[in-house]
Peer 1: 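Please read through the structure below; I'll follow up with questions.
Atoms considered below: every heavy atom in the structure, side chains included; atoms not considered: hydrogens, waters and symmetry mates. Order of appearance sets the numbers: ligands from 1, and atoms from 1 within every ligand.
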Amino acid sequence: MLLTIDQAVEFLRSGEVVVFPTETVYGLGAVASNLLAVENVYKIKNRPRDNPLICHFYDIKQIRKYAKIPELTKFLMKKFCPGPISFLLDITTDSPLLPATCGLPTMVARIPSHPLTLELLRKIDLPLVGPSANTSGKFSGTDVEMIQQDLGNKIAGILDGGKCQIGMESTIIDARDNNTIKIFRQGIIGKPELAKAVQKTKFRHVQILDNSSTQTKMVIPGSKYKHYAPITPIIWVKSFIELEQYKHGQTVIFGGSLSDLEKIKSIHNTIYLGERIAEIAKNFYRCLFDLDQKKVTQGLLFIPILDNSSISLSLMDKINKIVQLEN
Ligand code: TXA
Ligand code: MG
């Protein structure tokens with residue numbers, strides 16, 4: 001059922017679970033301080049009970065009611081929020097958000113930029129949990145049709161915000177010590193964007209670490225679980241030469257130039273991601289969904305334009321997780 005903002009507020013206040021849009025992916029929303037509602041989110045997602053839930057807020061002031069915001073974190077929040085970035089923060093021991101954090105003294109907080117959800121958050125004036133709206137292990141929902149098929153009969157309703165603009169989950173960072181920014185999960189904001197933000201400020205000397213900094217192995221609870229997988233097994237093809245080794249008539253998820261698309265189309269069945277990297281990221285989960293609808297035994301994935309940009313790194317992170325599962 002599609003909901004108005006007022007209906008969504010009403011359902012959430014009465015402890016129901018409502019899906020809301022964000023610029024990254026849709027979130028499975030419930031009032032973070034309501035233990036029963038939070039329990040229901042775990043049930044609906046079939047999510048392991050030791051994997052804490054990200055919390056959504058409408059502004060920095062609201063976050064401050066629930067957590068400490070160190071200086072560097074505050075600086076980055078002011079730069080990037082509302083936006084596709086989430087922050088690991090320390091909460092108080094008697095915090096009302098403990099149902100959402102699995103009893104941890106920390107939470108991951110985010111201010112999403114979708115206008116409908118910002119309005120929803122303002123109206124309800126309570127933090128909302130919002131893990132990605134998908135069954136645990138699967139790819140995230142980025143439009144209403146995907147969510148209806150995956151979770152439709154388990155939720156009170158959906159606030160329809162159209163197709164998610166970014167299509168990849170937010171970057172998660174920990175900047176609590178004011179000297180380092182640890183990137184736990186790569187989204188479209190990465191090392192270069194963070195470095196640029198601190199450049200020429202008093203934070204210019206901070207160290208930015210991500211999972212490519214080999215000496216650090218940074219894990220968040222969620223990273224130990226299976227992620228992003230379609231039902232159909234996927235083979236990641238890295239070059240045209242490799243693609244040529246497959247017999248004709250494969251199903252190929254392709255991202256790149258229209259002229260290359262035409263070439264591939266003349267041999268295989270294609271699911272087109274788009275021409276540019278932002279568009280490819282935006283359509284990525286939807287194309288995995290489309291692949292599953294085709295009920296083929298295997299899909300090939302080919303994106304020759306992947307580079308070192310933060311969007312590409314975020315995409316490759318997801319692809320690696322999908323492909324690892326198959327090997
Ligand atoms: O873009 C996003 O972040 C989306 C939208 C809906 O906001 N949400 C999302 O939620 O991706 P989820 O649950 O799929 O991913 C959040 C990650 C999980 O891997 C979880 O383990 C981690 O954040 N996390 C949440 N709370 C944490 C905490 N207190 N400490 C460490 N990791 C935490
Ligand atoms: Mg998720």
Side-chain angles (χ1 to χ4, degrees), residues 17-30 32 38 41-42 44-58 63 66-68 80-92 95 97-114 116-118 120-121 127-143 146-147 150-151 158-159 161 164-174 176 182-189 211 218-229 281-282 285 288 314 317-318 321-322:
V17 175
V18 163
V19 169
F20 60 76
T22 84
E23 74 280 31
T24 58
V25 300
Y26 275 80
L28 191 58
V38 167
V41 168
Y42 279 94
I44 291 170
K45 264 187 83 85
N46 193 21
R47 183 178 178 107
R49 198 58 187 85
D50 63 348
N51 189 359
L53 302 178
I54 186 170
C55 294
H56 294 72
F57 299 82
Y58 55 84
I63 299 179
Y66 298 89
K68 282 179 224 137
F80 292 106
C81 297
I85 187 162
S86 304
F87 298 85
L88 189 70
L89 301 173
D90 292 317
I91 56 169
T92 47
S95 169
L97 304 183
L98 285 169
T101 70
C102 300
L104 289 173
T106 56
M107 74 158 160
V108 166
R110 163 158 142 74
I111 306 173
S113 73
H114 198 292
L116 287 183
T117 294
L118 277 176
L120 172 73
L121 285 161
L128 297 180
V129 298
S132 51
N134 54 278
T135 307
S136 214
K138 274 184 85 170
F139 46 79
S140 308
T142 52
D143 65 42
M146 292 168 77
I147 288 149
D150 187 17
L151 306 170
I158 306 174
L159 188 59
C164 299
Q165 279 305 309
I166 293 171
M168 297 270 134
E169 291 82 354
S170 64
T171 300
I172 302 180
I173 64 167
D174 176 3
R176 284 173 302 165
K182 297 181 198 133
I183 304 175
F184 287 132
R185 181 173 73 181
Q186 171 83 56
I188 72 159
I189 296 172
N211 277 324
M218 297 172 299
V219 283
I220 48 171
S223 58
K224 65 180 190 229
Y225 295 108
K226 184 180 151 197
H227 259 109
Y228 317 121
K282 180 175 173 178
Y285 291 140
L288 297 182
S314 174
D317 225 41
K318 272 96 201 157
K321 287 201 168 118
I322 295 169

Peer 1: Check whether any side-chain N or O of Thr171 sits under 3.5 Å from a backbone N or O of Gly187 as a donor-acceptor pair, and report yes or no.
Peer 2: yes
Peer 1: If you round to the nearest 0.5 Å, how far is CG of Leu288 from CZ of Phe139?
Peer 2: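 Interatomic distance, Phe139 CZ to Leu288 CG, rounded to 0.5 Å: 5.5 Å.
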Peer 1: Distance under 4.0 Å to a non-hydrogen atom of Leu88: what atoms of ligand 1 satisfy this?
Peer 2: 28 (C), 30 (N), 31 (C)
Peer 1: Does Thr101 reach ligand 1, in the sense of a heavy atom lying below 4.0 Å from it?
Peer 2: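 Flag not set, Thr101 not near ligand 1.
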Peer 1: Is there a heavy atom in Phe20 that sits closer than 4.0 Å to ligand 1?
Peer 2: no
Peer 1: Does one side chain, of Arg185 or Ser314, offer a donor that lies under 3.5 Å from an acceptor on the other?
Peer 2: no
Peer 1: Does the side chain of Asn46 pick up a donor-acceptor pair with the side chain of Thr135 at under 3.5 Å?
Peer 2: no
Peer 1: How does Tyr26 reach ligand 1, by side chain, by backbone, by both or by neither, if only non-hydrogen atoms under 4.0 Å count?
Peer 2: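 Backbone only.
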Peer 1: Taking heavy atoms and a distance under 4.0 Å, where does Ile172 meet ligand 1: side chain, backbone, both or neither?
Peer 2: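 The answer is the side chain of Ile172.
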Peer 1: So between Arg47, His56, Glu169, Lys45, whose heavy atom ends up nearest atom 7 (O) of ligand 1?
Peer 2: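 That would be His56.
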Peer 1: Sub-3.5 Å donor-acceptor pair from the side chain of Ser140 to the main-chain atoms of Val25, do we have one?
Peer 2: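 Such a contact is absent between Ser140 side chain and Val25 backbone.
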Peer 1: Using distance alone, with no hydrogens and no angle criterion, decide if Thr106 and Arg176 have a side-chain donor and acceptor under 3.5 Å apart.
Peer 2: no
Peer 1: Below 4.0 Å from ligand 1: does a non-hydrogen atom of Pro112 turn up there or not?
Peer 2: no
Peer 1: With respect to atom 33 (C) of ligand 1, which of Val19, Ile166, Val108 exhibits the smallest heavy-atom separation?
Peer 2: Val108
Peer 1: Excluding waters, how many protein N/O/S atoms sit closer than 2.8 Å to the Mg ion (ligand 2)?
Peer 2: 1
Peer 1: Any chance you could measure Leu116, atom CG, to Thr22, atom OG1, to the nearest 0.5 Å?
Peer 2: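 If we round to the nearest 0.5 Å, Leu116:CG and Thr22:OG1 are 11.5 Å apart.
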Peer 1: Check each heavy atom of Met107 against ligand 1 and say whether those closer than 4.0 Å belong to the side chain, the backbone, both or neither.
Peer 2: backbone
Peer 1: Could you check whether Glu169 pairs with Lys321 (Lys NZ or Arg NE/NH1/NH2 to Asp/Glu carboxylate O, under 4.0 Å)?
Peer 2: no
Peer 1: Would you please determine whether Met168 falls within less than 4.0 Å of ligand 1 on a heavy-atom basis?
Peer 2: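 In this structure, Met168 fails to qualify as a contact of ligand 1 - no heavy atom is under 4.0 Å.
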Peer 1: Step through it carefully: locate the ring centre of Phe20, locate the ring centre of His56, and say whether they are under 6.0 Å apart.
Peer 2: yes
